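Below is one structure, written out as structure tokens; the observations come after it.
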Amino acid sequence: MSKMIGILTAGGDSPGLNAAIRGVGKALLGRYGMKVIGFRDGFRGMMENRTQLLDSAALSGILTLGGTILGTSRDKPYAMTVAGTVRDMTDVIVDNYRRHHLDALVCLGGGGTQKNAYHLMKQGLNVITLPKTIDNDVARTDVCFGYDTALGIATEAIDRLHSTAHSHHRILVLELMGNKAGWLALGAGIAGGADVILIPEIPYDVRKVAAAILRRSHHGQGFSIVAVAEGAMPREAAAAQGKSGKGKGGKKKVQKPQAQEGAASHTPGNSLLLARQLEELTGLESRLTILGHLQRGGTPSAGDRLLATRLGTACADLINDGVFGVMVAARGDCTKPVPLVEVVGKRRTVPLNHCWIESARSVHTCFGD
Ligand code: F6P
């Protein structure tokens, strides 16, 4: 009898999800003769037993589509709101796994999804995961799909802001996603030539940012672009939360692993306050752009299609080999199964000595530190 595999997508959507579903599904169907069903809207759909057959017709023509054909949600198996009450629905999900005679469940998602998948693994399910998030912060993989597309969109936004900033001699602050990790602001900031890059890993001093902008102004550059991650924090706020960015004796502090839980706790208004403060401190007009969910929308980049396809097909190979309880990680040009226990409860933040930061400093980018 053919093996039956379930797939779901969970957490915030991300370009490349459909490419990954297609990669896993086509390889399972065509190469290994297995059957595939999708669960709608992440773990909620699995709890409510809402399924969709993923046959070759369903998997065709989805490579270039943004979002996820399966839908997604941020629901957790062990804490799901049902009829207004938060309940542990793990048993129902396990029952539905058995009801469909599944041989494995593939979970596509970010840090929260890895944790939820690990929880189901501990209930005895054959679980395997892929790392996706535009934040690029899943532990133990070189990169997550979704990041490359978002990087391109964010870089284009900085390119476009340059001409209007230049024409009006203004400071343009661009808020990018990344609540706990600054990969997107850092990558796009470097690629787009932002003058200031502010990321959660490096608490900033707004006076230092203003001083850098004024220095540019005195050198005849009457405009500045500030790329700020949504989770970037002024030093005072970071100190209040115990995040100085430096250890004792000025040494760089080791980033402590933190558990990721569902939706980000972004405080709207931080970037607006920053733009206002910079206006006051420099006397230059400033404007704020929040790129928001544009960063997650639309067709995946070629890089994300390629990454999602190779992770997806490697996932099918591992299922065929009976390897479970792992995340299929990207390692250079190859893939590597990493035990879920090594992934959960950690976040891949930007190391303070990362070469991208060094490069940016070499081209006079200010980090506000
Ligand atoms: O986790 C990915 C992400 O896009 C974060 O960058 C952002 O903070 C969050 O999701 C936004 O979540 P939501 O779409 O649920 O508002």
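None of these values were measured; they are calculated from a predicted model. We count ligands from 1, going down the list as the structure has it; atoms in each ligand are counted the same way. All heavy atoms count here, side chains included; hydrogens, waters and symmetry mates do not.
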Give the atoms of ligand 1, by number and element, whose distance to some non-hydrogen atom of [X] is under 4.0 Å.
X    : value
E230 : 5 (C), 6 (O), 7 (C), 8 (O)
G178 : 6 (O)
M177 : 4 (O), 6 (O), 7 (C)
H293 : 13 (P), 14 (O), 16 (O)

Taking only Lys NZ, Arg NE, NH1 and NH2, and the carboxylate oxygens of Asp or Glu, determine whether D41 and R50 approach each other closer than 4.0 Å. yes

Do D333 and R310 sit within salt-bridge range, that is, some charged N less than 4.0 Å from a carboxylate O?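 No, no charged N to carboxylate O under 4.0 Å.
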
Under 3.5 Å between some N or O of ligand 1 and some N or O of R296?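 Checking ligand 1 against R296, an N or O pair does fall under 3.5 Å apart.
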
Tell me whether R216 forms a cation-pi arrangement with F223, defined as NZ or CZ under 6.0 Å from the six-membered ring centre and within 45 degrees of its axis. yes

Quick one: do the T90 and H119 side chains pair a donor with an acceptor below 3.5 Å?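 A pair is found: one side chain offers a donor N or O, the other an acceptor, under 3.5 Å apart.
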
Could you tell me whether the side chains of D304 and Y147 share a donor-acceptor contact shorter than 3.5 Å?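 There is no such pair between these side chains.
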
Of the side chain and backbone of Q295, name the one, both, or neither that has a heavy atom under 4.0 Å from an atom of ligand 1.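 Neither; no heavy atom under 4.0 Å.
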
